[in-house]
Amino acid sequence: MAYLYNIFQIHQQSPKTKARTGTLNLVHGTVHTPAFMSIGTLGTVKTLTNKELKTTGAQILLSNTYHLWLKPGIKVLKQFGGLHQFNSWDGPILTDSGGFQMFSLRKNNISNEEGILFTIPESGDRIFFSPEQSMQIQTVINSDISLVLDYLPVEETNYKLNEQAIERTFRWSKRSKKEWIKLHQGKWIGSQGYDKSGKQNILFGITQGARFLDLRQRSAEMILELDFPGYSIGGMAMGPEPEESRWNQVDIQTSILETYKPKHLLGVGTPTDLVRFVGYGIDLFDCVYPTRNARHGTLFFELDDNTYTTERILQKKFETDVNPINPNSNFAELRQYSKSYLRHLFKTRETLGYRLATMHNLEFYHNLTAKIRQKINTGKFDEWWQKYKFQKNN
RNA sequence: CCGGAGUUGGCCGAGUGGUCAAUGGCAGCAGACUGUAAAUCUGCCGGGCUUGUUCCCUACCGAGGUUCGAAUCCUCGACUCCGGA
């Protein structure tokens, strides 16, 4: 069946690793993979306009169901006919389902088999969130890619809790799919892809299993049954653990999930993570890392073909640094403004500083994924990927 | 000239006999950040070294004094502010 699959087309498969380039065909456009998705939780990548975001090389925006549900709320999103009209982003959008908020906001919610009861800190309101509701909201948002509501255990190192988590995630995925089909007039796009006339949004399944390889395996095997058009691998960077352990977790799941379907690694990661996990079969990434670090004054720089470093712009040594932020940037601002000036903007908490740093880091990330694609397409990925490393700046 | 209030570490500002090298905040220096309650958070922040939950110096305007012990009490002086002549 794989040869009919037209949601995702693989262009170049690396000979010795699972790395591949491809195109993901979505309602609002095509994404060249491996790709990094910038995070715009509330509909905006903090500090940037859509035009600036595109200049960084962004192909697809990630937003968040839970946060959009609270603000601006369903009513407003319905009035606009979806997030694309509301925030004027005309490219593809992937929405996270809100499952992660059960984990990140775990102090403010309780959950059971039915769903999650969130307490809103500002108002004290208690609101109930279920797989069905997440699907309804994402349908209103009109995401190109929606995610099922998954379940994350509160303790990432507890085997029993993680075993329960993969089972509940499976049941919630099932409910998500059922509701999704209902909301899309009975149409389901699975392993057969879609026909050319009926371009339609898609829903990804999610795997869990934390650091337990047998749970990772079972979670992936279970989710196969539901025949999603693509998969997100969840529960990855939840706590401290050895790098190899995480590589193995991803490796085992990408081995089980259909090769011809797109794989998304939720919430990862650092530049080295990206390169590494592409080698283990990941096509899509999303992470707060470049944007949050930007706002906190840490900028990413390429040193050479297989090394990157970071610079903390607030350091004293940049006080008199007349060099441009990035002489090779697509942004005239980053070619013109000096590091000294950028430090000054950060010191004085001028918003322009956060913007420039965000532009810079996202441009770095998107250049990195472009480089990964180029390495794969020219057959050089396999000899390069394990050499790619971070070097501390001094 | 008289009466009142005050003077604390780079700045602002707590502290009114020992547990005070002195709470906070700012500034400064350094670090963290992985499906964003994060333009946030953490550490250091008089000097020295053998870096000590009880080390050594120098410190709460200045000079004396009381006391086992003073940023804290007393005396005098300097300066600032507020009233009144």
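Note: hydrogens, waters and symmetry copies are ignored here, and every other heavy atom, side chains too, is used. Chain letters run A, B, ... following the sequence lines, proteins first, then strands; residues in each count from 1.
- Between D273(A) and R246(A), at least one side-chain nitrogen of the basic residue sits less than 4.0 Å from a carboxylate oxygen of the acidic one, meeting the salt-bridge criterion.
- Within the nucleic acid shown, K347(A) comes within 4.0 Å of sugar-phosphate atoms alone, with no base atom in reach, counting heavy atoms only.
- Screening L203(A), L147(A), L257(A) against F228(A) for a side-chain contact (heavy atoms from CB on, under 4.5 Å) leaves a single residue, L203(A).
- Between F100(A) and Y66(A), the ring centre distance reaches or exceeds 6.0 Å.
- Here rC79(B) sits opposite rG6(B) as a Watson-Crick or G-U wobble pair (both hydrogen-bonding atom distances under 3.5 Å).
- Nucleic acid contact for R276(A): none, since no nucleic acid atom lies under 4.0 Å from a heavy atom of the residue.
- Cation-pi geometry between K54(A) and W89(A) is met: the NZ or CZ atom falls under 6.0 Å from the ring centre, inside 45° of the normal.
- Here the two rings, on F285(A) and F36(A), have centers that are 6.0 Å apart or farther.
- Grouped with I110(A) in one hydrophobic cluster are L117(A), F128(A), the linkage being side-chain heavy-atom contacts under 4.5 Å among Ile, Leu, Val, Met, Phe, Trp and Tyr residues.
- With both ends at atom P, the span from rC45(B) to rU23(B) equals 11 Å, rounded to whole Å.
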Protein proximity profile, nucleotides 31-39 of chain B - base contact B, sugar-phosphate-only contact S, no contact -, cut-off 4.0 Å on heavy atoms
BBBBBBBBB

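- With P as the reference atom, rG10(B) and rA22(B) are 16 Å apart, rounded to whole Å.
- Remark: rC68(B) base-pairs with rG18(B); criterion is Watson-Crick or G-U wobble with both hydrogen-bond distances under 3.5 Å.
- The nucleotide rG31(B) finds its pairing partner in rC41(B), both defining distances of the Watson-Crick or G-U wobble pair being shorter than 3.5 Å.
- Distance check on atom P: rC41(B) versus rG24(B) gives 16 Å, rounded to whole Å.
- Of the residues in residues 127-144 of chain A, none lies under 4.0 Å from RNA chain B by heavy-atom distance.
- Using the Watson-Crick or G-U wobble rule with both distances under 3.5 Å, rU36(B) pairs with nothing in any strand shown.
- The distance between atom CD of E319(A) and atom C1' of rG28(B), rounded to the nearest whole Å, is 11 Å.
- When both distances must be under 3.5 Å, the Watson-Crick or G-U wobble mate of rG46(B) is rC57(B).
- Evaluation of the ring-ring contact (aromatic ring centres under 6.0 Å, His included) rule for Y354(A) yields F346(A) as partners, not counting sequence neighbours.
- Spacing of P atoms, rA32(B) relative to rA21(B), comes out at 34 Å, to the nearest Å.
- To the nearest whole angstrom, the two C1' atoms, one in rU51(B) and one in rC57(B), are 15 Å apart.
- Remark: the separation of the P atoms in rA85(B) and rU16(B) is 37 Å, to the nearest Å.
- Across the C1' atoms, rU19(B) and rC12(B) are found 27 Å apart, a figure rounded to whole Å.
- Residues that satisfy the side chain to side chain contact (heavy atoms under 4.5 Å, CB included) test with F301(A), not counting sequence neighbours, are L299(A), T309(A), E311(A), K339(A), H360(A).
- Take H84(A) and apply the ring-ring contact (aromatic ring centres under 6.0 Å, His included) test, not counting sequence neighbours, and it matches H28(A).
- Between E52(A) and T49(A), the side chains place a donor N or O and an acceptor N or O closer than 3.5 Å (distance only, hydrogens not considered).
- Atom C1' of rA39(B) sits at a distance of 44 Å from the matching atom of rU50(B), rounded to the whole Å.
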